[in-house]
Every structure is written in structure tokens, then in C-alpha cells.
Amino acid sequence: MNLANPTTEHIGELALRRRRAGEALGADTAAIDAHAAACPDCRARIRALDEEQRRFEQEISFDRFAAGVERAARGASKAQAAKRRPILLHTWVAPMLAAAACLVAVVTFAPRPVINKPTVRSKGGAGINVRVAGVDGQRNARGDSPEPLVRGERLRIGYQSGGHRYLIALTIDDHGVVQALSPEQGQSLALGDGSEKATRYLPGSWELDGAGVEQIIVVMSDQAIDVAAAMRAARAAYDKVGGNLARMPSLDLPGEQFVRTFAKP
């Protein structure tokens, strides 16, 4: 697309899908938005993507489109598990994942209570939803108690930004092992500037290995956070309560924090 005159060419297919899903595309973001506002053809393509996603959600279950990915090796040691990477879908499915972000029906859960943390500011409207998928179908993970998992079930993390600009997702288990899910290193994931209430899904799925209890913690903030610092904060909170995940306080990080707990088989 010609950024100097954004109405002279149409938006490329991948860029259109990514922007529709709310992703920030750097310097191209404003040009893409301007073109979409001025171009009837591209607006029609966006409507077609909406219809495509509606059919996709009706006809293809979570576990079907997640099938065929490389599963994490079973029985790996915790040292190996600490290096676990998200189970990404085949390349041809990736654009559909971006489109799926806007339209999956979800339940929003309240953030973990803030304990003596004046740096944490609530914007309101932010939340998460974790979808669980397996041979028996898919469901929303519960918010009031640990969600029991069956071996082989996989998770996807959805979020409503509530206006926050950055996100980190990590896990900690009852042995104190902390793992970064998204992103795996560097700084927080930069969120798109789409609707604050729309649900987006992180472009990956995860299978929690081992046994026992494990928590997913999502931190949404207005400033970027170092992933390594977030992992240290999770371990510090774990140590503070002697390893009792049920009593873990909020991490010593800015932003809003949301927690889902899982009981692994």
C-alpha cells in the first residue's frame, strides 16, 4: 500500500487481518486505518472477514483447528519444561488466529485483589478469559476455583485490554517454577489500539505439563515491563507465602493482574 497516498492501493490480505484483530503495525497503522475508512472495497473485505470468522467459529471447534501441532514431549523434566514454548499453529492458520481474536464468546473475570500496592492502577474494563480444549470439546476455565485439566488439554489466553497498552503472560507452579508464555523474553507484548472491550486471543496455545497446581498470571499495564523482572516478581511472591499458591499476593509490578488456576492430572 502506498503510505503517502493510502487510498491508491488496497490493503494486503495479511495486513488487513492483523489490523482487524487490533494489532499495532507500527508506522503503517495510521495509513491502513485511513485507507480502510476511505475505501469501500476494503471495508467490504473486512465485512467478508467477519462473515468468514462467524462460519469458522460455528463449523470448526477449538481442538480441531488446534490439531496437528507439535505437542510438547510428555514426561519432560521441570528444567526442560521451563524452556517450554507456546504451541503455535501451522503457518496457514496464523491469519485465522488473528481474525478469531475478535469474535469468540468469552466470560470476563475480575482481577486479582491488589494488596498494599499503590503502583497498581485499575482502568476498569480489563479482563481475561482462558479457553480449555480437549477431546470432549472446549470450555471457559472457571474463575472461583482451580480448573481441573485432563491430560492433553490445551489452553488459549484471551484478554480485554481495558485501554492498557502492554501485556505479559506467565505461569508459576506449586514447585515455584516460573515460565514466561507471551512474550518469552524481552519486554511486554505491545497491544493494538482497537476496542478496549473487544476480546483478543494471544496467537498460541499451551499444554501445562507435569502434575499438581499451576497458575497463569496476566499483567496488563500502561508501560512496558521486562519479562525477566516479571518472572522474578512471581518467584518473590511465591517465596513470600512459603509456596502456597492460594495465598500468593499480587506481583510487585504496575498494572492490573489476572489469575487463572489449574489442577493438572
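This one's a predicted model, so the numbers in the text were calculated from it and none came from an experiment.
- Side chains of Tyr166 and Leu189 form no contact here, defined as non-hydrogen atoms less than 4.5 Å apart.
- Counting heavy atoms from C-beta outward, Thr261 and Leu245 have side chains that stay 4.5 Å or more apart.
- Ala234 and Ile172 get closest at one heavy-atom pair: O-CD1, 3.6 Å.
- Residue Ser221 comes nearest to Pro254 through the heavy atom pair CB-O, 3.7 Å, listed as atom of the first residue, atom of the second, then distance.
- Within the 3.5 Å criterion, the main-chain N or O of Gly176 finds a donor-acceptor partner in the side chain of Arg235.
- Remark: the Tyr238 side chain and the Asn244 side chain contain no N/O donor-acceptor pair separated by less than 3.5 Å.
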Just do the side-chain contact (heavy atoms from CB on, under 4.5 Å) check on Asn140 and Val130 with the steps written out, would you? CA-CA 6 Å; Asn140 291 322; Val130 179; over 6 Å; no
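- Checked against salt bridge (charged side-chain N to carboxylate O under 4.0 Å, His left out), Arg139 has the following partners two or more places apart in sequence or in another chain: Glu147, Glu153.
- In this structure, Arg43 CZ and His35 NE2 are separated by 9.5 Å, a value rounded to the nearest 0.5 Å.
- Every side-chain contact (heavy atoms from CB on, under 4.5 Å) that Ala233 has, sequence neighbours left out, goes to Leu251, Leu253.
- The minimum heavy-atom distance between Pro249 and Ala237, with the atom names listed, is CD-O, 3.8 Å.
- Within the 4.5 Å cutoff, the side chain of Leu155 has heavy atoms near those of the Ile216 side chain.
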Between Phe262 and Thr171, does the side-chain contact (heavy atoms from CB on, under 4.5 Å) criterion hold? Intermediate values first, please. CA-CA 10 Å; Phe262 299 89; Thr171 70; over 6 Å; no
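- In this structure, the side chains of Val219 and Leu167 stay at 4.5 Å or more apart for every pair of heavy atoms.
- Taken to the nearest 0.5 Å, the SG atom of Cys39 stands 4.5 Å off from the NE2 atom of His10.
- The two atoms that bring Asp222 and Gly163 nearest to each other are OD1-O, 4.2 Å, heavy atoms only.
- Atoms CG and CD, on Asp174 and Glu214 in that order, are 8.5 Å from each other to the nearest 0.5 Å.
- To the nearest 0.5 Å, the span separating CD on Gln160 from CG on Asn129 amounts to 7.0 Å.
- At a threshold of 4.5 Å between non-hydrogen side-chain atoms, the residues Ile168 and Val218 do not count as touching.
- Here the closest non-hydrogen pair linking Ala38 and Pro40 is O-CD, 3.4 Å.
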Working for side-chain contact (heavy atoms from CB on, under 4.5 Å), residues Gln179 and Leu170: CA-CA 6 Å; Gln179 304 176 39; Leu170 52 84; over 6 Å; no
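- Under the 4.5 Å side-chain heavy-atom criterion for ILVMFWY residues, a single connected hydrophobic cluster contains both Val213 and Val241.
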Apply salt bridge (charged side-chain N to carboxylate O under 4.0 Å, His left out) to the pair Asp41 and Arg45, showing each step before the final yes or no. CA-CA 6 Å; Asp41 288 341; Arg45 290 168 62 205; over 6 Å; no
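- The two residues Arg156 and Gly204 come nearest to each other via the heavy atoms CG-O, 3.5 Å.
- The side-chain heavy atoms of Met220 and Phe258, taken from C-beta on, include a pair separated by under 4.5 Å.
- A heavy-atom distance below 4.5 Å is not found between the side chains of Gln187 and Ile225.
- For the atom pair Arg47 CZ and Cys42 SG, the distance stands at 11.0 Å (nearest 0.5 Å).
- Ser161 is not listed as a side-chain neighbour of Arg200, based on a closest heavy-atom distance of 4.5 Å or more.
- A donor-acceptor pair under 3.5 Å is formed between the side chain of Lys264 and the backbone N or O of Asp209.
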Please evaluate residues Arg131 and Tyr201 with respect to the criterion side-chain contact (heavy atoms from CB on, under 4.5 Å), reporting the C-alpha separation (whole Å), side-chain torsions for both, the decisive distance (0.1 Å), and the verdict. CA-CA 10 Å; Arg131 294 288 284 175; Tyr201 274 79; 3.2 Å; yes
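- Counting only N and O atoms by type, the side chains of Arg154 and Ser205 include a donor and acceptor under 3.5 Å apart.
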